[in-house]
Each structure stands twice: as C-alpha cells, then as structure tokens.
Amino acid sequence: MKEPGEKRLVRSAAAVAAAGLLCAAVVTAPAQADTKGPATSDVAAMVDAMTLDEKIGQMTWTHVYGASADDTSMAASNQARYGVNTPAEVVEKYHLGGVLYFAWSGNTNNPQQVNALSNGLQEVALGEDGPGIPLAVTIDQEGGLVARIGPPATQLPGNMALGATFDPKLAYKQGKILGSELDAMGVNVDFAPVVDINTNPANPVIGIRSMGENPYLVSALGAGQIAGIQKHIGATAKHFPGHGDTVTDSHYGLPVVTYDRKTLDKHLLPFRAAIAADVDMIMTAHIIVEAIDPDLPGTLSPAVLTGLLREELGFDGIITTDALDMAAMTDNWSQEEMSVMAIQAGSDILLNSPDVDASIAGVKQAVADGTITEERLDESVTRILEWKAERGVLDDPFADPAAVNDIVGNDEHLEQAAKIADRSITLLRNEQRTLPLEADEDTVLMVGAGSAWPERLGPMLADRGFDVIEEYENGSSPSAAYRARAVAAAASADAIVFASNNASGNAAQQQMVDALAATGKPVIVVAARNPYDVNVFDDADAVLNSYGYNVVNYTAVVRALAGDINLWGKLPVAVPTADGSGTLLPLGYGLRYGGHGRG
C-alpha cells in the first residue's frame with residue numbers, strides 16, 4: 001500500500017500535470033508568431049519538382065565533421081564515412097535535409113563558431129550545388145548529462161534535477177533557455193526533452209536524463225519544456241514508446257521490455273501530453289515492446305509507429321528515428337534493411353545512418369521494386385517541408401551573429417539554471433543534524449569516485465570558506481590504496497564529503513564509505529548521478545542528491561552543505577531497498593533543515 005505522503009504527492013502531481021498541460025496549450029498556441037516569417041512556399045509544388053534522390057536526401061539527417069562548412073581539418077573522418085572532405089560536400093553530395101551536431105565531430109567549440117557553422121551550412125544548402133532547401137540543424141541539448149554545447153552556453157542541472165523541483169514553471173523556463181540559445185546559434189531543432197519515465201533503477205542509459213518515474217509529473221514537466229523550447233525552435237519528445245524500464249543500453253544492444261499494455265500506457269502518458277502540447281517531433285526508441293510488437297523494435301515497427309503513434313495517439317508531426325548507428329540497429333539489420341523498414345514503419349527521418357550511401361541505395365531499390373512507393377516518400381517529405389515552412393526555416397534559416405553574445409549564457413539564463421539547481425538538491429538523511437556544516441570552522445576531507453568529479457567540488461568548498469583536504473583518484477571504483485589514503489587523511493578532518501556515482505552497483509564505493517564511517521568522523525555522501533545510492537550507505541551520517549556533477553549542480557551542493565539555502569527538493573523517483581524487495585524511500589521524500597516533508 002502506498003504511504004500517505006506518496007498518495008498526496010501523486011494527487012498533486014496529477015494536478016501539476018493538468019496545470020502544465022494547460023500552460024503548454026496557452027504558451028504553444030501563439031508559437032508560430034515567434035518564427036521568422038510566414039510560410040511562402042508551395043510545398044506540394046516543391047515536392048512534385050524533386051527527384052527521387054532529392055526526396056531521400058530530405059529524409060536523411062546526419063552528422064558532419066568540422067567546425068565550419070569548408071573545414072578540411074577532419075577530412076579523413078568525412079572521407080571515411082561519406083567519401084568527401086568537408087561538411088559542405090556532405091550536404092551537397094546527399095542533398096541533405098538536416099544535419100546533426102556533436103562535440104566529438106568538431107561542431108560545437110563555442111557559440112559563435114556554432115552560429116557561423118550553421119549559417120555556412122545553410123548557405124551551402126541554398127547554393128548552386130546544394131539541395132536548394134534550407135537545412136534542419138539539430139542537436140541533442142537536453143541539459144545536464146547530455147549537452148553537446150558547453151560553456152559559455154548555459155549549463156542546466158539536468159532533467160532529474162528539474163524533476164526534483166516538481167515545478168512546471170521552471171520546466172518552461174528551462175525550455176526557453178534551451179530554445180532561445182540554440183536559435184541564436186542557428187540550431188532549429190532540439191532533440192529534447194526526454195519524456196521517458198525512469199521506472200527501473202538499473203536503467204543504464206536514461207537515469208538522470210529522465211524527469212522522474214511518475215508519469216503525471218513527467219507529463220507536466222515535459223509539456224512545460226516543450227512549450228518553452230517551441231517559443232523559438234522545434235522540440236522533440238523521446239524515446240517513443242518509452243525507454244525508462246530497460247536494463248540494456250540501446251547504444252550497445254537491443255533492449256526488450258516485457259510488461260503488459262496497462263504498464264505501457266503509463267509510459268505513454270508523457271507522450272500523450274507532448275502531443276497535446278503540439279510537439280513538433282517524436283523520436284523513436286530502439287527497443288522491443290512486447291505488448292505491441294514482440295519481434296521488432298519501435299524504430300522498425302509499423303505497429304508502434306503507425307498503429308500506436310499515428311493512429312491511436314493521433315500524432316501528425318514528424319517522426320524521426322533515434323540514431324541508426326547504434327548497436328541495437330547495426331547488430332541486427334543491414335543499413336539497407338533498417339532504412340527501408342524504418343520508412344515502412346512510419347518514420348519520416350533516417351537519423352545518422354552509419355552508411356548513408358547504403359541507406360540511400362536501399363531506399364532507391366525499395367522504390368524500384370515496389371517495396372516502398374514514391375507516394376510514401378512524398379508523405380514524409382511533405383511533412384518535413386511543411387514543418388520547415390511553419391517554423392520559418394524556408395523563409396529565413398540564418399541566425400544573427402550579433403545576437404549570440406546577448407542571448408547565449410546571459411545573466412538571466414544563468415540565474416534560472418542556478419535556481420533550478422538550488423531547488424533540486426534533495427536531502428535524504430541527516431543524522432544528528434550533521435548538516436549544515438560550518439564554513440570558516442570545519443575542516444572537510446573531500447573524496448569520492450573519480451567518475452563523480454569530486455575534484456570539482458573540493459575547490460568550490462574552499463572558495464566558500466571551508467578548510468579542505470583533497471584526495472582524488474580517477475575511475476568509478478576507488479582502489480584499496482586510495483581508500484587507505486582517504487582514511488588516513490580523515491584524522492585531520494572534522495567531516496568527510498564523499499561524491500558517489502551510481503554506488504548501488506559499485507562495491508568499491510560502498511567499501512570506501514564504510515571505511516570512512518569507521519573513523520568516527522561524520523560522513524556526508526553527495527549522490528552525484530542516479531538518486532538510488534542512499535540504499536547502500538547505511539553508515540553515512542547524511543546523504544543528499546545532486547542529480548548531476550556539472551558546476552551548476554555542485555554550486556548548489558556547496559550552498560546546501562554550508563546552509564546558504566534550505567533544501568526543498570523531493571525525490572522524483574522512489575528508492576528501493578538494496579535487495580530490491582521493497583521501498584526504502586517513497587516518491588516525493590525529502591528532508592528539510594529543521595524538519596522534513598513528503599510533498
């Protein structure tokens with residue numbers, strides 16, 4: 001039976017969801033007034049005039065290597081994947097409909113460079129050898145763990161941190177930050193927000209990328225983010241029909257979920273909310289959901305994309321695959337097969353194919369032999385071009401370079417990010433009122449798993465006025481030598497701060513905290529990633545969750561440790577017992593300094 005606090009929280013989350021959807025409906029309704037101009041092109045005539053290659057190209061969105069349109073510094077990488085030297089030549093060769101930015105492909109060095117790359121690629125697209133149609137310029141800028149553009153772009157504390165605030169207004173503001181900054185850099189599609197509900201603590205790929213496990217809460221916050229993003233650019237709800245209950249990362253294998261349709265319906269609620277909020281795009285999940293299709297992953301399943309998403313849920317926007325170069329796809333289907341099957345299933349976009357030449361050849365052969373009709377391609381191309389018209393991309397795809405410094409990482413955005421982080425910090429244990437610590441009085445030993453970046457937190461504590469002893473080691477699993485050094489250093493400290501990273505499955509982190517607790521000094525655990533670590537740290541005197549280890553998260557942690565802020569964050573997920581047999585802490589749990597509450 002649910003605890004009374006959880007019942008209250010679920011009721012309040014449902015109310016929040018209703019309010020968030022109402023807010024989204026109000027805010028997104030005039031969104032087209034914020035685009036760069038009215039649609040002026042006759043989309044039907046454009047489609048009629050296109051060749052087959054041009055139509056397939058419009059459905060092909062992929063990454064390019066380089067910092068500018070004509071950059072040759074990564075020519076070897078472009079040659080290996082595409083057989084040409086520059087980003088411009090990739091766009092021209094395939095008549096691309098869209099590009100996808102990554103840091104590792106050299107696209108996101110700084111905001112001014114991104115702006116120049118976007119404008120340069122749009123010039124190529126509209127040039128003599130380009131497709132003649134402006135590009136969709138896309139990125140995965142979720143905030144938190146997945147953010148392809150770093151500082152000075154605003155660094156957000158992440159979706160689960162947002163979930164811990166339980167505040168759709170902050171979700172809307174987060175969306176506006178993302179949308180306005182990307183728009184200034186010439187990006188017109190954000191592959192965000194993640195609206196998966198993280199119901200499986202062992203999920204290796206979603207975790208803190210999710211806003212929580214309660215579908216009503218995620219619905220409200222997702223709708224809020226969509227409304228904010230779409231004041232400026234297109235948003236994308238992902239990963240349909242829900243990636244939150246998997247134990248396999250689809251980057252490395254093909255996940256299968258076996259729950260029944262009633263459980264699936266809970267995972268679908270945030271997508272229903274996204275559709276009600278008029279989201280521009282929905283991204284597929286490379287997972288098999290046995291309740292709908294026991295044989296094919298969502299990306300390749302007509303039952304999932306056409307039957308469920310189009311017909312049952314009524315989505316009429318753009319469907320894009322998740323990246324087709326992930327192992328869930330490449331380990332099981334050839335490039336030709338997956339491209340054809342994705343289109344047959346109902347996808348409009350073939351995203352980041354590992355072999356674009358093979359992808360295009362496969363689709364052309366499918367049209368030639370009647371497996372796919374050209375009319376089916378026309379449906380997707382029409383949808384893409386209508387979106388580009390509605391968003392103003394066809395009329396003016398360029399971004400003003402002068403606006404970048406005024407918008408990207410401005411003071412207002414940084415203040416909002418800090419507010420989300422402050423509101424997110426969740427105190428789960430505080431024995432004998434260990435926290436807050438006394439700056440200018442307490443000597444703190446700062447240690448932790450290297451994957452939690454404790455070396456970021458130590459200097460920040462010192463800047464706040466603490467006397468800090470620092471001991472660090474790389475890697476997720478502290479070595480015996482490191483544990484011994486930390487125990488020895490504890491003799492000179494008044495308190496110990498340990499930064500953990502997914503310690504529920506890491507024996508070395510658990511052993512280190514046990515050894516530190518045995519010194520008799522107060523041990524404070526900062527769970528820097530997934531929020532479940534408290535279930536293996538019985539001997540820690542205090543435990544708080546930051547839901548991320550970026551500077552914005554750790555700035556809020558320091559403020560919390562020093563007592564500069566009270567703690568209002570609530571668990572957006574339930575924490576199971578270590579053996580998984582029950583619930584240790586319910587959804588909505590969170591202590592306060594001087595008291596506690598459960599939502």
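- Counting all heavy atoms, side chain and backbone alike, V363 lies closest to S339 at CG2-CB, 4.1 Å.
- Using a 4.5 Å heavy-atom threshold, the side chains of W387 and N188 count as touching.
- The backbone N or O of N530 lies less than 3.5 Å from a partner atom in the side chain of N502, making a donor-acceptor pair.
- Of the residues listed (D48, D378, D348), the one engaging K55 in a salt bridge (charged side-chain N to carboxylate O under 4.0 Å, His left out) is D378, and it is the only one.
- In this structure, Y82 and Y65 have tilted ring planes: the angle between them lies in the 30° to 60° band.
- The shortest side-chain heavy-atom distance between F191 and R148 does not fall under the 4.5 Å cut-off.
- Look at D140 and R209 and you find no salt bridge, because none of the NZ, NE, NH1 or NH2 atoms lies under 4.0 Å from a carboxylate O.
- No side-chain donor-acceptor contact under 3.5 Å links D53 and T51.
- Using a 4.5 Å heavy-atom threshold, the side chains of L305 and S347 count as touching.
- Relative ring orientation between H243 and H239 is described as perpendicular, the plane-to-plane angle rising above 60° on a 0-90° scale split at 30° and 60°.
- One finds the OG atom of S424 at 9.0 Å from the CG atom of L162 (value rounded to the nearest 0.5 Å).
- With a 4.5 Å cut-off on side-chain heavy atoms, I226 and P193 count as touching.
- The aromatic rings of F240 and F271 stand perpendicular to each other, their planes meeting at an angle above 60°, with 30° marking the opposite boundary.
- Among D42, I384, V381, the single residue meeting the side-chain contact (heavy atoms from CB on, under 4.5 Å) criterion with V47 is V381.
- Between E412 and K176, none of the side-chain N atoms (NZ, or NE/NH1/NH2) sits under 4.0 Å from a carboxylate O, so this pair counts as no salt bridge.
- When all heavy atoms of L377 and I56 are compared, the pair lying nearest together is CD1-CG1, 4.1 Å.
- Two residues are said to be in side-chain contact when any heavy atoms from C-beta on lie closer than 4.5 Å; Q335 and P354 meet this criterion.
- When the options T62, D325, T321, L324 are evaluated for a side-chain contact (heavy atoms from CB on, under 4.5 Å) with S353, the one that passes is L324.
- Between Y554 and S546, the shortest heavy-atom distance links the atoms CE2-OG, 4.1 Å.
- Side-chain polar atoms of N119 and N115 form a donor-acceptor pair below 3.5 angstrom.
- The pair D316-R383 does not count as a salt bridge, with every side-chain nitrogen at least 4.0 angstrom from each carboxylate oxygen.
- Counting only N and O atoms by type, the side chains of R376 and S380 include a donor and acceptor under 3.5 Å apart.
- Counting heavy atoms from C-beta outward, Y94 and D357 have side chains that approach closer than 4.5 Å.
- The six-membered or imidazole ring of H286 lies away from that of W333, with a centre-to-centre distance of 6.0 Å or more.
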